[in-house]
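Take a look at the structure set out below.
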Amino acid sequence: MNATKGSAAQEAARQGHEEFLTLQEIVAAARRNLAPGPWSYLIGGAETETTVRRNRQALDAVAFRPRVLRDVSRIDSSASFLGVRTRLPVMLAPIGGLESIVEGGAAAAARAAAQFGVPQMLSSVCKPGLEETAAAADTLRSFQLYVRGDDAWVDDYVRRAKDNGFGSFCLTVDVAAYSRRERDLVGRYIKPWRAEAGAGAKFQSGLSWNQVKRYKDKHSLPLIIKGIATAEDAELAVQHGVEVIYVSNHGGRQLDHGLGSIAVLPQIVAAVAGRAEVWVDGGIMRGTDVVKAIALGAKTVGIGRLAGLGLAAAGVAGLVRALEILEEEVRICLGLLGVTSYAELTPQHLAYAPTVGTPDTFSAFPLLK
Ligand SMILES: Cc1cc2nc3c(=O)[nH]c(=O)nc-3n(C[C@H](O)[C@H](O)[C@H](O)COP(=O)(O)O)c2cc1C
């Protein structure tokens, strides 16, 4: 038995990746593998990183109220993504510059998404680009655009997304100004794509609901608005016929001193009242985090840094392993809460409790400290 285990470990080592048993080990491996510049780019947030920590604080302050004796011998942890079955209610959030984190960039993420069975939202600022990423793997996919050009430029992206099998289109709207990420500035990490971003800045700051209306009047691909952080804007998005309200503060990388995503989620879910889907991201690092978000009314949960960490730890295999562990954690959590599917989860399974430590990106991984 031991001998078999030993040889399996040796085989894993020969293949260049370890047998990770915990997400903590994946984060530790990512830290070892990444040079200081890409590490701070992946992990960092804006200015004081208060929003980054509030994302974790909001999650860490939610406790569970488990129900028992409910026959949880069969648990269904699959979900649906805009009507299509997926293995978990989890999506790879758009990450620009993934090519600086892992060889193959977005194509590696697409392969991991396909291998495990979750959707990928591709960022418009990630290499190898829209067509190449779509060709890399047959996975459920959505396309995310930073509006850095005029209407014709946007329409061209919509056409290319449609032609390449992207089932929905996302506009990220929390980038009216480009934030100051101080880890990158202090480390003098110059991102190779920074010049391109600067060129389109005036289009990003000029964006208004008029462009949302224009999109809805012209295009049929379902529209996701990413970066909604208030019930007021969620209401406006619904009035404009947007299919998905994506609650996000960009992982605390844009406006500093915002509220945690999970803290604003309940108000937005109440305001939307079933008229659109509500998705969320921000600080999701554990299966319990996914369950909390779903219990609060999110339909899909995005992972940003966690996906990047999985890729940095061991490429495609590292992200697939991170998703496997996440799934195991979700299933354990559902079972211990006394539910067999997400439909049975309600806010009654949750309570608010003081956090037990200082929330930050890594408070989900206490053994790393
Ligand atoms: C390295 C990095 C790059 C990102 N690039 C993009 C992007 O190109 N487009 C976008 O809409 N959001 C981008 N985001 C934000 C993510 O899509 C997501 O909202 C955020 O990472 C969620 O928080 P989390 O990292 O704590 O999971 C990026 C996030 C990170 C960490």
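Indexing begins at 1, ligand by ligand and atom by atom, following the structure's order.
Heavy-atom proximity to Gly96, at under 4.0 Å, picks out these atoms of ligand 1: 3 (C), 4 (C), 5 (N), 6 (C), 7 (C), 8 (O). Every atom of ligand 1 with a heavy atom of Ser248 under 4.0 Å away is listed here by number and element: 19 (O). Atom numbering of ligand 1 starts at 1 in the shown order; those under 4.0 Å from a heavy atom of Arg305 are 23 (O), 24 (P), 25 (O), 26 (O), 27 (O), 31 (C). For ligand 1 and Thr172, the ligand atoms under 4.0 Å from any heavy atom of the residue are 10 (C), 11 (O). Interface atoms of ligand 1 facing Gly283, defined by a heavy-atom separation under 4.0 Å, are 23 (O), 24 (P), 26 (O), 27 (O). Heavy-atom proximity to Gln144, at under 4.0 Å, picks out these atoms of ligand 1: 7 (C), 8 (O), 9 (N), 10 (C), 11 (O). Each of the atoms 6 (C), 7 (C), 8 (O), 9 (N), 10 (C), 11 (O), 12 (N), 13 (C) of ligand 1 lies under 4.0 Å from some heavy atom of Tyr146.
Ion pair Arg70/Glu344 not flagged as a salt bridge, since none of the NZ, NE, NH1 or NH2 atoms sits closer than 4.0 Å to an Asp/Glu carboxylate oxygen. Ionic pairing of Arg87 and Glu324 is not present here: no N-O contact between side-chain nitrogen and carboxylate oxygen is shorter than 4.0 angstrom. The residues Asp156 and Arg159 are annotated as salt-bridged, a charged nitrogen and a carboxylate oxygen being separated by less than 4.0 angstrom. Between Asp184 and Arg253, none of the side-chain N atoms (NZ, or NE/NH1/NH2) sits under 4.0 Å from a carboxylate O, so this pair counts as no salt bridge.
Nearest approach of Gln57 to Thr355, heavy atoms of both residues: O-CG2, 3.8 Å. Across Gln254 and Asp174, no two heavy atoms sit closer than the pair NE2-O, 3.2 Å.
Neither the backbone nor the side chain of Met285 comes within 4.0 Å of ligand 1, counting heavy atoms alone. Looking at Ile95 against ligand 1, both its backbone and its side chain come within 4.0 Å, counting heavy atoms.
Annotation: atom 18 (C) of ligand 1 to nearest protein heavy atom, Asp281 OD2, 3.1 Å. The protein atom (non-hydrogen) at minimum distance from atom 23 (O) of ligand 1 is Gly251 CA, 3.3 Å. Remark: minimum distance from atom 8 (O) of ligand 1 to any protein heavy atom is reached at Ser123 OG, 2.7 Å. With respect to atom 28 (C) of ligand 1, the closest heavy atom belonging to the protein is Pro94 O, 3.6 Å. Ranking the protein heavy atoms by distance from atom 1 (C) of ligand 1 puts Arg253 NH2, 3.3 Å first. Protein heavy atom in closest approach to atom 21 (O) of ligand 1: Gly304 CA, 3.5 Å.
The hydrophobic cluster containing Val90 also contains Leu345, counting ILVMFWY residues as joined when their side-chain heavy atoms lie under 4.5 angstrom apart, directly or transitively.
A centroid separation of 6.0 Å or more is found between the aromatic rings of Tyr189 and Trp39.
An N or O contact shorter than 3.5 Å is missing between Ala93 and ligand 1 by distance. Any N or O atom pair closer than 3.5 Å counts here, and Lys226 shares at least one such pair with ligand 1.
Between the side chains of Asp76 and Ser341, no donor-acceptor pair is found at a separation under 3.5 Å.
No cation-pi contact links Arg67 to Phe64, judged by a cut-off of 6.0 Å to the six-membered ring centre and 45° from its axis. Phe203 does not carry Arg148 over the face of its six-membered ring by the limits of under 6.0 Å from the centre and within 45° of the normal.
Assignment of Val125 to the shell around ligand 1 is supported, since a heavy atom sits closer than 4.0 Å.
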